[in-house]
There are 2 protein chains.
Amino acid sequence: MDQRHATALKAAGMKATPKRLAILEMLEAEPGYASPEELWKRLKDRFDRLGLPTVYRNLEELSASGVLSKVIHPNRQLYYYFCSNREHHHHFVCLSCRKVEDIPACGIEALEQEVSKRNGGKVLSHILQLNGLCGGCADNGEKR
Amino acid sequence: MDQRHATALKAAGMKATPKRLAILEMLEAEPGYASPEELWKRLKDRFDRLGLPTVYRNLEELSASGVLSKVIHPNRQLYYYFCSNREHHHHFVCLSCRKVEDIPACGIEALEQEVSKRNGGKVLSHILQLNGLCGGCADNGEKR
DNA sequence: CCTCTAAATAGAAATGATTTCGTTTTAGAA
DNA sequence: TTCTAAAACGAAATCATTTCTATTTAGAGG
């Protein structure tokens, strides 16, 4: 567990600090995505000192390194999700309970090539995310 | 011209006020996407009084009504684009010159159904956007 | 084990895009 | 033309996120 995360951090060229490991542990245990502040509130107890900016900074770095993934939320706040799927794929995120489900890569690579060929441009990244309500939430009609 | 926009506003159940028409005109003339503040700065001259909140509010309402479309930008600021394509489609946005190119609908509808079927959830919306450099910008190596 | 240095963190303060609020104005139906 | 709900004003507030400088620490090298 710890060792896995430490290894992942090293592989990303980042020091395996206790706080980073704690962030990864907590997010991995999380059933869905979480906000920086939520994580901070829960992690504060485990450290005598832990700044909110540290959580922000690490989440961003970890997401940039591909260790975590970021959720694009309609309310434009930041949310992160621990995703161990190393294949190229996308996410279906529940706006109610925050569950995240993997979506296998679809035809996007082909689309990228198509765009490159037709317009001569270069696709640097793409965003594909399905928003909705997962099975449970759709039944209950819950909203968050 | 004006009439088209007035009609579109009416169709969306919105009053055709001069400011809304001006926003639509300006965005239609724009070659790419623009931020609320940029639009406000340019529109201020045409009105003796025009508040920035008014521009924000209208852009949001117009985008919610589908008259405009919103760009998802890595810097998390708001940008809007005038898009007359009424078919379901997506966008390729240039991060450098802000040009927006249409992408015809790909297999996403099928993917939505697949997700619904497999997980029992309900897909409310999806985000698909390709980010990159358009032909011209890729050649020049420009960045903004 | 120590030492040392670049990297990481603290925490208060700043930032700045976006939103809110109470008031005033206006589009457009009657 | 009148009237009312919708729209706009604009100053002020919000608040998530970032910056900044001083302090601490992981971990490579001895």
Side-chain angles (χ1 to χ4, degrees), chain A residues 2-3 5-24 26 33-65 67-68 70-80 144, chain B residues 2-3 5-24 26 33-65 67-68 70-80 144:
Chain A
D2 262 13
Q3 200 45 57
H5 293 153
T7 306
L9 286 170
K10 300 265 171 63
M14 302 173 74
K15 288 189 181 175
T17 70
K19 286 163 188 180
R20 282 179 180 160
L21 293 171
I23 287 173
L24 289 177
M26 179 140 287
Y33 50 92
S35 75
E37 186 157 7
E38 287 162 355
L39 292 169
W40 174 64
K41 282 182 181 161
R42 275 181 258 162
L43 287 168
K44 267 195 304 185
D45 303 333
R46 319 226 310 232
F47 298 93
D48 44 344
R49 309 175 90 202
L50 174 64
L52 181 54
T54 295
V55 177
Y56 269 93
R57 191 181 339 102
N58 279 315
L59 288 172
E60 184 51 36
E61 287 166 2
L62 290 166
S63 138
S65 311
V67 181
L68 295 179
K70 198 189 289 198
V71 170
I72 300 152
H73 202 278
N75 72 6
R76 301 178 356 93
Q77 288 184 211
L78 295 171
Y79 296 95
Y80 295 89
R144 202 183 270 178
Chain B
D2 263 10
Q3 201 44 56
H5 293 152
T7 306
L9 286 171
K10 300 264 172 64
M14 302 172 72
K15 287 188 182 175
T17 71
K19 287 165 188 178
R20 282 179 180 160
L21 293 171
I23 288 173
L24 289 177
M26 178 140 289
Y33 50 92
S35 74
E37 187 157 6
E38 287 162 356
L39 293 170
W40 173 64
K41 282 182 179 159
R42 277 181 256 162
L43 287 169
K44 267 197 303 187
D45 304 332
R46 320 226 309 234
F47 298 93
D48 45 343
R49 309 176 89 202
L50 173 64
L52 181 53
T54 295
V55 177
Y56 268 94
R57 192 180 338 101
N58 279 315
L59 288 172
E60 184 51 36
E61 287 167 1
L62 289 167
S63 136
S65 310
V67 181
L68 295 180
K70 197 189 290 197
V71 170
I72 300 152
H73 202 278
N75 72 6
R76 301 177 357 90
Q77 287 182 212
L78 294 172
Y79 295 96
Y80 295 88
R144 206 183 267 179

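For clarity, every value in this text was computed on a predicted model and none was experimentally measured. Residue numbers begin at 1 in each chain, while the letters A, B, ... track the order of the sequences. Worth knowing before you read on, the calculation uses all heavy atoms, side chains too, and leaves out hydrogens, waters and symmetry mates.
The NZ atom of Lys15(A) sits 7 Å away from the P atom of dA7(C) (whole-angstrom rounding). The interatomic distance linking Arg76(A) (CZ) with dT19(C) (C1') rounds to 11 Å, in whole Å. Atom CG in Leu52(A) sits about 16 Å away from atom P in dA13(C), given to the nearest Å. In this structure, Leu39(B) places its CG atom 12 Å from P of dT18(C), rounding to the nearest Å. Distance, Asn75(B) CG to dA17(C) P: 10 Å, rounded to whole Å. The separation between Trp40(B) atom CH2 and dG16(C) atom P is 15 Å, rounded to whole Å. Leu59(A) has its CG atom 14 Å from the C1' atom of dT9(C), to the nearest Å. Regarding Leu43(A), its CG atom lies at a distance of 15 Å from the P atom of dG11(C), rounded to whole Å.
The listed nucleotides are dT18(C), dA8(C), dA27(C); the one nearest the side chain of Gln77(B) is dT18(C).
At a threshold of 4.5 Å between non-hydrogen side-chain atoms, the residues Leu59(B) and Leu78(B) do not count as touching. Taking the side chain as every heavy atom from C-beta outward, Tyr33(A) and Lys70(A) never approach each other to under 4.5 Å. Residues Arg57(A) and Thr54(A) have side chains in contact (heavy-atom distance under 4.5 Å, counting atoms from C-beta outward). Looking at Leu43(A) and Lys19(A), their side chains never come closer than 4.5 Å, going by heavy atoms from C-beta outward.
Checking side-chain atoms of Arg20(A) against main-chain N and O of Lys15(A) turns up a donor-acceptor pair under 3.5 Å.
A close approach under 4.0 Å does occur between a side-chain nitrogen or oxygen of Arg57(A) and OP1 or OP2 of dT9(C). At the phosphate of dT26(C), neither OP1 nor OP2 sits under 4.0 Å from any side-chain N or O atom of Thr17(B).
Residue contacts for Arg20(A): at a heavy-atom cut-off of 4.0 Å it reaches the sugar-phosphate backbone alone, with no base atom in range.
Tyr56(A) and Glu37(A) share no side-chain donor-acceptor pair at under 3.5 Å.
Nucleotides of DNA chain C nearest to Lys10(B) and Gly51(A) differ in position, and the one nearer the 5' end is that of Gly51(A). Comparing Glu61(B) and Met14(A) along DNA chain D, the residue whose closest nucleotide (by nearest heavy atom) sits nearer the 5' end is Glu61(B). Place Leu78(B) and Arg49(B) on DNA chain C by their nearest nucleotides, and Leu78(B) ends up nearer the 5' end.
With a cutoff of under 4.0 Å to any heavy atom of chain A, the contacted region of DNA chain D is bounded 5' to 3' by dA16(D) to dG27(D).
Between the CG atom of Leu21(A) and the CG atom of Asn58(A) there is a distance of 10.0 Å, given to the nearest 0.5 Å.
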